[in-house]
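Below is one structure, written out as structure tokens, with a few remarks after it.
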Amino acid sequence: MARRLSLDRKISHSLYYFAAKITSFGYPASTDKFFRHFSSLLTLHLDHSFNDEILYYSFYPDSFYAYLIDNSTQKRHLNQIHARLLVLGFQKSGFLIKKLINGSSNIGEIGYARKMFDDFAEPDVFLWNAVIRGYSKHNMFVDAVETYWRMQFNWVSPDGYTLPHVLKACSGLPALEMGRQVHGQIFRHGFESDVFVQNGLVAFYAKCGQIARAMTVFDGLHDSNVVSWTSIISGYAQNGQPMEALRIFSEMRKTNVKLDWIALVSVLRAYTDIEDLNHGKSVHGCVIKMGLELEPDLLIALTAMYAKCGQVTTARLLFDMMKIPNVILWNAMISGYAKNGHAEEAVDLFRVMISKNIRADSITVRVAIVACAQVGSLDLSRWMDNYISKSEYRDDLFVNTALIDMHAKCGSLDMARTVFDRTLEKDVVVWSAMIVGYGLHGRGREAIDLYQAMMQAGVCPNDVTFIGLLTACNHSGLVEDGWWIFHCMKDYKIEPRHQHYACVVDLLGRAGYLDLAYDFIMKMPIEPGITAWGALLSACKIHRNVQLGEYAAKQLFSLDSCNTGHYVQLSNLYASARMWDHVRKIRIQMREKGLSKDLGYSLVDINGKLQAFRVGDKSHPRYKEIYEELESLERRLKQAGFIPHIDSSLHDLNNEEIEETLCNHSERLAIAFGLISTPPGTTLRIIKNLRACVNCHEASKLISKLVNRQIVMRDANRFHHFKDGVCSCGDYW
DNA sequence: GTAGGGTTAG
């Protein structure tokens with residue numbers, strides 16, 4: 001307030017001064033009129049920044065207007081100045097109008113700049129540059145390139161200022177062929193030693209994935225500066241070669257070129273990619289030493305680095321340091337949470353962002369949708385769907401694909417299908433997302449039908465489409481269809497990857513064709529990996545084939561000796577064959593390697609809030625009621641003739657203990673709590689971190705009938721819909 | 001009036 005007052009005093013002094021001066025220049029207006037005019041310009045100027053220079057400029061109207069134009073950040077400011085200039089009789093082709101075009105172009109008011117530009121009879125190269133730069137700077141690359149060709153059509157030759165912007169437009173499209181032509185022109189016009197143009201070429205080839213060409217241009221540079229080095233370093237980082245990027249960085253350190261903050265950002269990106277926390281930290285140290293720790297974009301790179309390396313708390317500290325975080329920082333933090341299993345924090349942060357009216361971009365919403373899918377709550381997914389449908393992203397292809405995936409993972413195939421149906425111009429990924437969704441819910445037939453509809457629509461499948469189809473067949477026991485689909489792959493010249501082979505092994509193995517599955521593995525053209533042997537082992541467990549299972553396990557342990565899951569699988573296989581000695585041996589091995597079984601937990605969705613339960617959990621405030629409900633359920637199950645299987649690795653407990661442990665399984669607690677917390681008839685929605693166990697699966701089927709409720713359960717692999725005593729998976733999972 | 005960077009990835 002105090003500052004404002006003293007400014008006001010300064011202004012009023014300068015206003016009188018200005019008015020007196022300006023009339024002496026002979027402008028056709030009264031002092032009074034100019035007084036009002038100048039005062040409006042000053043208020044306008046106060047909208048952005050004000051400093052004492054204004055006192056100087058008030059003696060020179062031309063310079064004063066030039067100053068105003070240079071400092072304008074809004075179209076209405078430029079508009080007012082433009083109007084004044086015309087009223088004051090400035091020439092249409094004069095220096096100030098040129099400045100105005102340049103200024104509007106810089107702030108992104110390109111349509112406005114273009115209108116003034118089109119009024120020029122013979123625009124010079126400066127003006128062409130201004131328009132091209134405006135387009136290129138604001139991602140209107142097609143217009144930039146088009147204007148560039150039009151310029152040459154009008155016999156204006158590009159200069160050293162034109163070419164970097166044109167190259168940027170070619171990289172942004174990206175348009176490799178066009179950029180090559182521009183490269184030819186650069187050669188013909190003799191810009192081989194213009195470091196600005198050559199740096200533009202390095203960045204152009206790198207962005208188009210032509211990293212070798214980028215390197216050739218870089219090597220040919222007479223005097224490379226920090227921009228050249230940054231271009232080539234980030235080029236390698238962007239092309240998935242972080243190690244090479246870092247090697248070049250160490251080359252750079254041997255030269256006299258001084259690092260700046262953008263160079264550090266590129267180096268950080270490389271360390272982030274290889275998740276090298278230690279080197280990332282040392283760059284952080286360097287940042288602090290150079291006094292750059294408040295540089296917003298470095299803060300983003302550092303936040304992303306810590307988040308990607310799993311240090312979410314440190315990332316959050318940096319995030320909170322930024323006074324006015326921009327979208328990219330929000331994106332880095334939200335995705336950092338989502339990537340490290342903090343899906344709920346990711347969603348919470350997204351909600352904070354919305355509540356602060358910060359504009360989310362398409363990356364933000366995509367990350368947030370992925371986080372919602374991870375959380376798995378139906379209410380949350382509906383909320384997100386509602387948010388998107390009211391947003392500007394409702395027709396965004398990428399956003400809709402993520403939505404389809406989210407709805408499927410949150411248990412609502414109908415909502416997934418609604419989004420799918422309203423998505424126009426579906427590409428192969430949209431179709432695949434829907435097919436994968438059907439697969440997740442064991443709706444193999446629908447998946448195959450959709451695949452055929454996709455063929456009809458003339459969309460070519462890709463490798464993900466086939467993963468979806470094969471998984472769908474797996475989850476529905478469609479052995480023959482799966483086999484046929486696998487062989488369709490070669491019609492589209494798609495090389496099957498590990499996952500495809502594993503699907504087929506799974507498909508054959510689960511159906512009991514263990515020998516076929518084994519033969520299939522032996523005939524694989526690529527070295528069978530963990531996925532294929534893992535699928536065979538789990539099939540051997542289902543069908544109690546100890547000999548083959550042991551062989552598969554041996555292969556698995558030679559590939560990865562520290563995976564808990566494989567030991568548990570083998571131990572379960574032995575247990576199913578009642579080979580208790582072997583079970584014990586496996587347990588000892590696990591203990592020696594310091595491996596322990598993953599703890600199971602289940603979440604139940606009560607009015608959109610997820611409540612978590614572990615095995616034998618008694619931490620809930622209503623645990624007494626929950627256990628009473630559980631006991632009553634248990635009684636009713638027994639009356640209905642339910643006999644628990646005792647084949648898992650619980651052999652060293654006595655029968656009573658076994659039964660107790662089984663009915664204390666987290667999903668049973670979640671079901672019991674769901675029953676006492678919701679009105680009769682409400683569908684229960686449960687999310688489990690592991691695969692459903694045989695007993696709980698059987699019990700859930702029966703419970704759905706006894707209490708007349710639908711139970712929808714997402715386990716680590718797929719969905720189960722329990723209703724009237726049966727499960728949608730047909731006991732096939 | 002020039003150039004380089006950061007967030008995602010079904």
Side-chain angles (χ1 to χ4, degrees), chain A residues 70 98-99 101-103 105-106 124-134 136-137 158-168 171 191 194-204 206-207 224-235 237-238 260-270 272 295-305 307-308 325-336 338-339 360-370 373 397-406 408-409 427-437 462 464-465 467-468:
Chain A
D70 285 347
K98 274 190 184 174
K99 235 185 161 19
I101 294 176
N102 195 40
S105 193
N106 276 341
D124 58 5
V125 67
F126 174 90
L127 276 181
W128 284 103
N129 287 349
V131 176
I132 293 172
R133 177 160 32 88
S136 167
K137 209 174 176 179
D159 66 4
Y161 292 90
T162 325
L163 293 160
H165 301 299
V166 177
L167 286 170
K168 194 192 163 186
S171 336
F191 287 103
D194 184 318
V195 70
F196 284 94
V197 176
Q198 294 300 316
N199 286 349
L201 274 175
V202 175
F204 159 72
K207 287 245 167 65
S224 44
N225 59 18
V226 62
V227 180
S228 331
W229 285 99
T230 311
S231 303
I232 195 71
I233 291 172
S234 61
Q238 285 159 358
D260 67 1
W261 65 269
I262 300 186
L264 286 174
V265 166
S266 316
V267 174
L268 264 174
R269 143 124 199 202
T272 306
E295 191 62 61
D297 300 298
L298 259 174
L299 217 51
I300 293 170
L302 284 168
T303 308
M305 187 276 292
K308 177 92 188 285
N326 65 12
V327 202
I328 299 181
L329 181 61
W330 284 95
N331 294 353
M333 194 62 233
I334 295 173
S335 80
K339 256 185 215 149
D361 69 5
S362 94
I363 292 180
T364 326
V365 297
R366 269 142 70 186
V367 175
I369 294 170
V370 170
L397 196 65
F398 275 64
V399 170
N400 280 345
T401 316
L403 275 182
I404 293 169
D405 180 65
M406 173 192 77
K409 285 189 177 139
D427 70 355
V428 57
V429 192
V430 172
W431 287 94
S432 305
M434 195 64 228
I435 290 174
V436 171
N462 66 12
V464 181
T465 321
I467 298 231

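A, B, ... follow the sequence lines: proteins, then strands. Residue 1 opens every chain.
Scanning for salt bridge (charged side-chain N to carboxylate O under 4.0 Å, His left out) contacts around Lys308(A) gives Glu275(A), with sequence neighbours left out. With sequence neighbours left out, the salt bridge (charged side-chain N to carboxylate O under 4.0 Å, His left out) criterion links Lys339(A) to no other residue.
Rounding to whole angstrom units, NZ of residue Lys409(A) and C1' of dG10(B) are separated by 8 Å. In this entry the distance linking CG of Asp427(A) with C1' of dG10(B) reads 9 Å, nearest Å.
The backbone N or O of Ile132(A) lies less than 3.5 Å from no partner atom in the side chain of Ser136(A), so there is not a single donor-acceptor pair.
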Applying side-chain contact (heavy atoms from CB on, under 4.5 Å), run through Val430(A) and Asn400(A) and close with a yes or a no. CA-CA 8 Å; Val430(A) 172; Asn400(A) 280 345; 6.0 Å; no
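Distances shown here put a side-chain N or O of Arg269(A) below 4.0 Å from the OP1 or OP2 atom of dT7(B). Within the structure, a side-chain polar atom (N or O) of Lys339(A) is placed less than 4.0 Å from OP1 or OP2 of dT8(B). One finds no side-chain N or O of Ser266(A) lying less than 4.0 angstrom from the OP1 or OP2 phosphate oxygen of dG4(B). Remark: Gln238(A) is in phosphate contact with dG6(B), judged by side-chain N or O atoms under 4.0 Å from OP1 or OP2.
The base of dG10(B) sits with one of its N or O atoms less than 3.5 Å from a complementary donor or acceptor on the side chain of Thr401(A). Checked by distance alone, Asp260(A) brings a side-chain donor or acceptor within 3.5 Å of a matching partner on the base of dG4(B).
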